[in-house]
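To keep things clear, I will list the structure first and then write my remarks on it.
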Amino acid sequence: MFNKKIYWLPLVLRLAVYFVAVTAPFLSPSIVVRYDLPGFVFWFIFVPLQILITYSFSKSLLPESASPAWIKFGKRIGVSRNLFFPALIFLLPLLFCIFPGFFEILLRAYIFTIIIFAFNILVFRAGVVALIFIELGFIYFIFYRLLDFSRASDSVWQTSSYILPVFYILLIVLYLFLSIILYGSSGNKKLGDFKKEVIVFFVIIIPLVTLAAILIPADYLVNDFIFNFRNEQVFPIPRDVDNGDDPRDFGDGSLSGIPAERWGRRSRSSFSGKDRQYAVMIVSTTAFELYSATEYFGGFHPVHGFVNMYNEYTFGEISERSLNMLTRQRFLETWRNPFVIPDENRVETRAFYLSIIPERVVPYLPVMIEPTIYSMQRYPFLFSYNIVSLISPLTTSQLEFVELDYFPQREFERMTQYLALPLSDRHMRILDDFLEAAGVIIPEGGYVNDPARYIKNIVAILNGFSTFQYELGFENITSVEHITRFLLENLSGDCVEFSNAAAMLGRRAGIPSRVVVGYLASRALQTPQHRQALAELQQSLDIIADIPLRNLMLVTTAHRHSWTQFFIPGMGWVDIEPTSFAIPPPFDLNDANIVIPIIRQMGDRSENFVFPWRFISSILLIIAVLVITFLYLYKFILMTVLSVKSLRPVTVSFESRYKYILHRFFLSGYPLKTKSMTPVEYGGINSEALLFTELFTELLYRNVYSSDEYDHVTKKFEEEYFRLKKLTKPKGFLKYVKNIFSLRGVFY
C-alpha cells in the first residue's frame, strides 16, 4: 500500500531548507535592509505555494490514493489533472497582483514559475537526479550573499558570528538529509532501498557537524582588514574642550569635529543656524550633481497642498508609491526596476552612499539598488549602499533650448493625476494672476497640446520667480494658504516654497508636476572646506580610503533640499531647480562651519571562543514553543474537522464519527488504539466502545442488507455515537481544563 507520508517527505524537507534560508535575514544583525512587502509575499507565500502545487502535479503518476484533495477536486468538477494544474500554476502570479507592488515583479514571478515547474517535472517525473543540486545550490547562494554582507566589516562579523553558524549548521544537516530523500524520490530508487545512506547520515554526519560547531572558533570566517595608515596630517590635532558636547575645532575656523560617540541625531535637522552644518552622507560618483530623493509628493490636497499619492495605479512604469517605499523598504536581494528600458535621453549613473541616516536616498530614475550594509565600525556612518540610476542630463538652464518633437497624446492621458489641482476660487485667482504676469497661456483642456508652447510655459513660470528672494533653510510648510501667500505677498522663501509654488503653477499651466524632497549632492556646493572634511574622513573611513577625492562629495544638513519635477514628453520626469531663477540669498549656508564626526578605530574582537549557551538556549526555547503551538493548533483543527464531518448523515460520516470518538476516548484517559488493532480488538480492551466498534465494522465491511436491517444498524450506531460523545464529555472544571491542554489526541 502506498505511504502518503513518504509522498510528502521530500516536499516538507525542501520547504524546511527553503524557509531556513529565506528567514535568516530577519535574525542576522548584518542585514539592515530586508524584505519589502512584494518581496515578502514573493519569497514567503508565492514561491512556497508554487513549489507545493508543481510538486503535486509532477507526482501525478503516483497511485490515486496519494493524490491531494485539490487533484480530486479538479476531477469532480470535470477538469482533468493535466489541464487543471498547469492552468492554476500559471494563473497564480496574476492572482497575487492583489498585493501592492507585486505587479512590478510579475515578470520575475513568471520566470520563477517556469523554472519551478520545469524542475519538478524533470526531477520527479523524468528522474533527472542531477538537477536536485541546482535547487540546493540556489539555497546556498542565498547564504553566500548573507555571509558576504556579514563580512562587510569586522564589527558586523563579530555581532553576527553567533547567529550565522547556527543557520549554516542547520542548513547543512537539512541539505544532506534532503539530498538523500530527493535522490530516493526522484525515481531511481525506492525509498526503502537506501537505509545505509540514512544510517550513515545520522550516525556519522550529524555528530561530525555538531562537533565542528562546538570546536571551530567564532572567528573562523573573519575578514583580515588592512588599514591604510597615511602619515600626512591634514589638520592639527584637535584641542581638548571643557564641554564634551561642543565641536572640536580643527584649526581654521571652518571645520570642526565631534567625537563619534557623541554625535547623536545632529544630521536629522535640515540645518542648525547660519554658523554650522553637520555631515549627513558621503557620495562617490562621477556625476556633477545628484538630486537624491527621499520622498515624492504627487497627490494634492485642497488645504495641505502636495501630499503622498497612495491610491495611484500606473502601467508600464514604477509607481510613485513604490518610489517612496524604496527609501525605507527592507530586502536582502538587489532591487531592480522591472520597467526600465534603454533611454537615449538619460545617462546611466552609478553612485555609492555612505550615510549617517538609515533612510536611503535615490536619484531618479532608479535602475538597481543594492541592500544597505550596516557597520558599527564606521559609526556614525552606519549605512552604505550602491545605486544605479538613469539621470536626465537636461539642466534647468538648458530648458529654453529644448525643442520637442515627441508629443504623444497617450502620455498625457495617463498623467491626469499629476494635473489635479482642487483649489478654491481665491487660490486659483492668485495662480492665474501670477501666470498672466509671467506670460503663460493657461490651456483650456487641462494640459498643453502644443509642443512649442509646452517648454515656453515651463520657462515662463521659472522666469516669473526672477523678482523673488531666495532664503536659505528648509522649513517644511507646504499648505496651500502658505504657498499662495508666498506668491502674492511674501515674495521670499526657501526651497520648499519655490518647489511647491512651481509645481502648483505648472499644473495650472497644463504641465504634469510633482514635488520631491531629499538631498542635493552637487560639485558646485563643494567648497574647499568640504574637500578638507572629506580628506580628513578618508583617514578614518577605510571604505572610502582608495576612492579619488575628486569623485567624493560631502552632503551636509545644508544640502537638505526640495525641488520640482516636470514631466517632459520623450524625456520623462526631469528635476527642475526653481530657486536658480530667484535673487540669490545674502549669505551662503553652504559656507557655514562644517562639523564632522571624529571616528576612532574599534578595538579588536576577543580571540577567546565562548560557546553561546544563552543564545542556543533561546533558539531551543523558541523551537519548543513553536512545536507546542503547532501541536495545539493541529489538535484543534483535527478535532474541529472531525466534529464538522460528523454532522453529516451516518451513511456518509460513520468513519469520521468513529475517528472522532477514538480521539475523545484517548483525551478522556481511555486506552490508546494502536494501528495494529482492529476496531473489534480495541473494543476488547475498552468495554464502553465494544458495541460501537462492532457496529462500525459491520458498516465498513458488510455489503448486503435488507432495507429495514440497514436502517436499524445506522440508527443503533448513531445512538452509540451520541452516548459515547456524552460519556467522554469532561465533567467538572478541572477535567475540562485538562482536556483543553492535553495533547494526547495528537497521537492519532
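These figures come from a predicted structure and were not determined experimentally.
For residues 514-525, the pairs satisfying salt bridge (Lys or Arg N to Asp or Glu O under 4.0 Å) are Glu320-Arg514, with sequence neighbours left out. The salt bridge (Lys or Arg N to Asp or Glu O under 4.0 Å) pairs that include a residue from residues 482-494 are Glu481-Arg485, where partners are two or more places apart or lie in different chains. Within the structure, side chain to side chain donor-acceptor pair (under 3.5 Å) contacts touching residues 339-351 (residues at least two apart or in different chains) do not occur.
Under the 4.5 Å side-chain criterion, counting only non-hydrogen atoms from C-beta, Tyr353 is in contact with Leu290. A heavy-atom distance below 4.5 Å is not found between the side chains of Val496 and Ile477. Between Asp433 and Ile430 there is no side-chain heavy-atom pair separated by less than 4.5 Å. Looking only at side-chain heavy atoms (C-beta outward), Arg560 and Tyr519 come within less than 4.5 Å of each other. Residues Gln538 and Leu552 are in side-chain contact: their nearest non-hydrogen atoms beyond the backbone lie under 4.5 Å apart. Residues Tyr470 and Pro585 are in side-chain contact: their nearest non-hydrogen atoms beyond the backbone lie under 4.5 Å apart. Between Pro597 and Tyr278, every side-chain heavy-atom pair lies at or beyond the 4.5 Å cut-off.
Atom CD of Glu436 has 12 or fewer heavy atoms from other residues, nucleotides or ligands within 6.0 Å. The number of heavy-atom neighbours closer than 6.0 Å to CD1 of Ile98, taken from other residues, nucleotides and ligands shown, is above 12.
Here the straight-line distance linking atom CG of Asn500 with atom CZ of Phe486 works out to 9.5 Å at 0.5 Å rounding. For the atom pair CG of Leu399 and CD1 of Ile455, the computed distance is 6.0 Å after rounding to the nearest 0.5 Å. One finds the CH2 atom of Trp263 at 7.0 Å from the CZ atom of Phe381 (value rounded to the nearest 0.5 Å). We find the CD-OG1 distance between Glu359 and Thr372 to be 10.5 Å, quoted to the nearest 0.5 Å. In this structure, CD1 on Ile511 lies 8.5 Å from CG on Leu419, to the nearest 0.5 angstrom. We find the CE-OG distance between Met281 and Ser284 to be 14.0 Å, quoted to the nearest 0.5 Å.
A side-chain donor-acceptor contact under 3.5 Å links Arg507 to the backbone of Ala420. Checked by atom type and distance alone, the side chain of Tyr364 never pairs as donor or acceptor with a backbone atom of Ser392 at under 3.5 Å. With hydrogens and angles disregarded, no donor-acceptor distance shorter than 3.5 Å links the side chain of Thr564 to the backbone of Ile576. Ser522 places no side-chain N or O within donor-acceptor distance of the main-chain N or O of Leu520, the cut-off being under 3.5 Å. Panel note: side chain Glu370, backbone Ser384; no donor-acceptor pair is recorded below 3.5 Å. Asn337 contributes a side-chain N or O that, together with a main-chain N or O of Phe339, makes up a donor-acceptor pair within less than 3.5 Å. A donor-acceptor pair under 3.5 Å is absent between the side-chain atoms of Ser499 and the main chain of Val515, judged by distance alone.
Between Phe465 and Phe434, the ring centre distance stays below 6.0 Å. Between Tyr296 and Trp573, a ring centre-to-centre spacing not shorter than 6.0 Å is recorded.
In this view, Asn308 and Glu295, Tyr310 satisfy the side-chain hydrogen bond (donor to acceptor under 3.5 Å, both in side chains) rule, not counting sequence neighbours. The ring-ring contact (aromatic ring centres under 6.0 Å, His included) test applied to Phe288 returns no partner, not counting sequence neighbours. Considering only residues two or more places apart in sequence or on other chains, Gln526 meets the side chain to side chain contact (heavy atoms under 4.5 Å, CB included) condition with His530, Arg531, Leu534, Met553, Leu554, His559.
With no hydrogens or angles considered, no side-chain donor-acceptor pair links His482 and Ser479 at under 3.5 Å.
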